Protein chains: 2
Amino acid sequence: MNAFRSAALDDVDWKILAELQRDARLSYNELSRRVHLSAPSVAERVRRLEESGVITGYAARVDPERAGQPLLAFVQLRCARGQCLLRTSGAEDYPEIAEIHKLSGEYCTMLKVRSASLTHFEGFVERLGEHGEMRTHIVLSTQYDDRPLEPSVLEREVTDAEGWQRP
Amino acid sequence: MNAFRSAALDDVDWKILAELQRDARLSYNELSRRVHLSAPSVAERVRRLEESGVITGYAARVDPERAGQPLLAFVQLRCARGQCLLRTSGAEDYPEIAEIHKLSGEYCTMLKVRSASLTHFEGFVERLGEHGEMRTHIVLSTQYDDRPLEPSVLEREVTDAEGWQRP
DNA sequence: GGTGAAATTGAGATATG
DNA sequence: CATATCTCAATTTCACC
């Protein structure tokens, strides 16, 4: 897997990622201006980021509230003795489920769920309840959702250090 | 707020949203083919979706693993007597935090956190630990992350019913 | 909401420094 | 990797049905 990542991301790559995470429709011209590189160079870097799987695609962001699904909740599932039930019945039966994660710990599954109202959510919980014990947390408000990925602290220290050596 | 949403989304709108959530860079030509409408009509609908805030933007999707942050965890914070501490110190100090939600219940905050390794995560938890009691859930694997938003079950029933009346 | 045409814009390639 | 230029293609946008 690491053979695929020819090299770690440098600061220009991260700048490109930051820009494209904010606006996926930037032209190579505009991008090149913002990262202070030529258009062909940026295009080449973006191509590499796509091919190496760092950039997995480009998606429109939809506001769940404006789209009629203002209710957000986290649901922890405690699956009966090892049989995680969302493995049997696919998530396709539950369009309300936005995310599914397997956890360490007693409650083995974490779901992020969106629905149109408390009434809908109640129905969802009832349907899902057949799968095992659960614990629900209803979200009151959201400060950040899907914040753009940034270089980790360690990476920034490294590139900063490189920056000091260069000039 | 509802005055802004001139009307609810119909099935063509949802089809457009589905396509653009899968590929934000579709041209109006290609989009018009997929939703069986003319290009100017699609462009007009997209413009309305953008103006009404249903579409909030277009973003590149970045694979956190390939970008060097394979570790994902949920952290529940129990803030000391009503003072939610992420209100005082901004989330900018914690670039690892991908999401912040206020919850009902004892643990008043749910964080989604990405970091480079367990070592980094340990450091993050120590830094955050000053803010209050917490409960961490480390993610072992992820089946779905940020699944595209779909019309709610109720909406689909309604539009299906409309579909029956039309022919 | 559909059609068609004109004008703008951007992508891709190539050659060179 | 930067610059320059060229060509080709594609999309946007407008006016009109």
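All chains are named by letter (A, B, ...) in the order of the sequence lines, taking the proteins before the strands, and each is independently numbered beginning at 1. Small disclaimer: the values here were computed from a predicted structure and weren't measured.
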- [ ] Would you mind reporting whether B:L111 and B:L128 have side-chain heavy atoms less than 4.5 Å apart?
- [x] yes

Open item on the list: According to a hydrophobic-cluster definition based on side-chain heavy atoms being under 4.5 Å apart (Ile, Leu, Val, Met, Phe, Trp, Tyr only), do B:V125 and B:I97 belong together?
Closed with: yes

TODO: Measure from the side-chain N and O atoms of A:Q69 to the backbone N and O of B:E150, and report whether any donor-acceptor pair falls under 3.5 Å.
DONE: yes

Open item on the list: Do A:R45 and A:D13 have side chains that approach each other closer than 4.5 Å (heavy atoms only, starting at C-beta)?
Closed with: yes

TODO: Could you walk me through whether B:L103 and A:I138 pass the side chain to side chain contact (heavy atoms under 4.5 Å, CB included) test, one step at a time?
DONE: CA-CA 6 Å; B:L103 297 186; A:I138 292 186; over 6 Å; no

- [ ] Scan A:R45 against the nucleic acid and name what it touches under 4.0 Å (heavy atoms): base, sugar-phosphate only, or nothing.
- [x] sugar-phosphate

TODO: Take atom CZ of B:R33 as the centre, draw a 6.0 Å sphere, and report whether it contains more than 12 heavy atoms from other residues, nucleotides or ligands.
DONE: yes

Task: Start and end of chain A contact along DNA chain D [non-hydrogen atoms, under 4.0 Å] - done: D:dC1 to D:dT3

Open item on the list: For A:R25, I'd like to know if atom CZ has over 12 heavy atoms of other residues, nucleotides or ligands within 6.0 Å.
Closed with: yes

Open item on the list: Before we go on, tell me: are the rings of A:H101 and B:F74 under 6.0 Å apart, centre to centre?
Closed with: yes

Task: Estimated bend of the helix from C:dG1-D:dC17 to C:dG17-D:dC1 (axis per five terminal pairs, rounded to 10 degrees) - done: 30°

- [ ] For residues A:H120 and A:S115, report the shortest heavy-atom separation together with the two atoms involved.
- [x] CB-CB, 4.1 Å

TODO: Output the residues of residues 23-40 of chain B in contact with DNA chain C, where contact means a heavy atom of the residue under 4.0 Å from an atom of the strand; sort by number or write none.
DONE: B:L37, B:S38, B:P40

Open item on the list: Would you say the ring centers of A:Y58 and B:Y58 fall short of 6.0 Å from each other?
Closed with: no

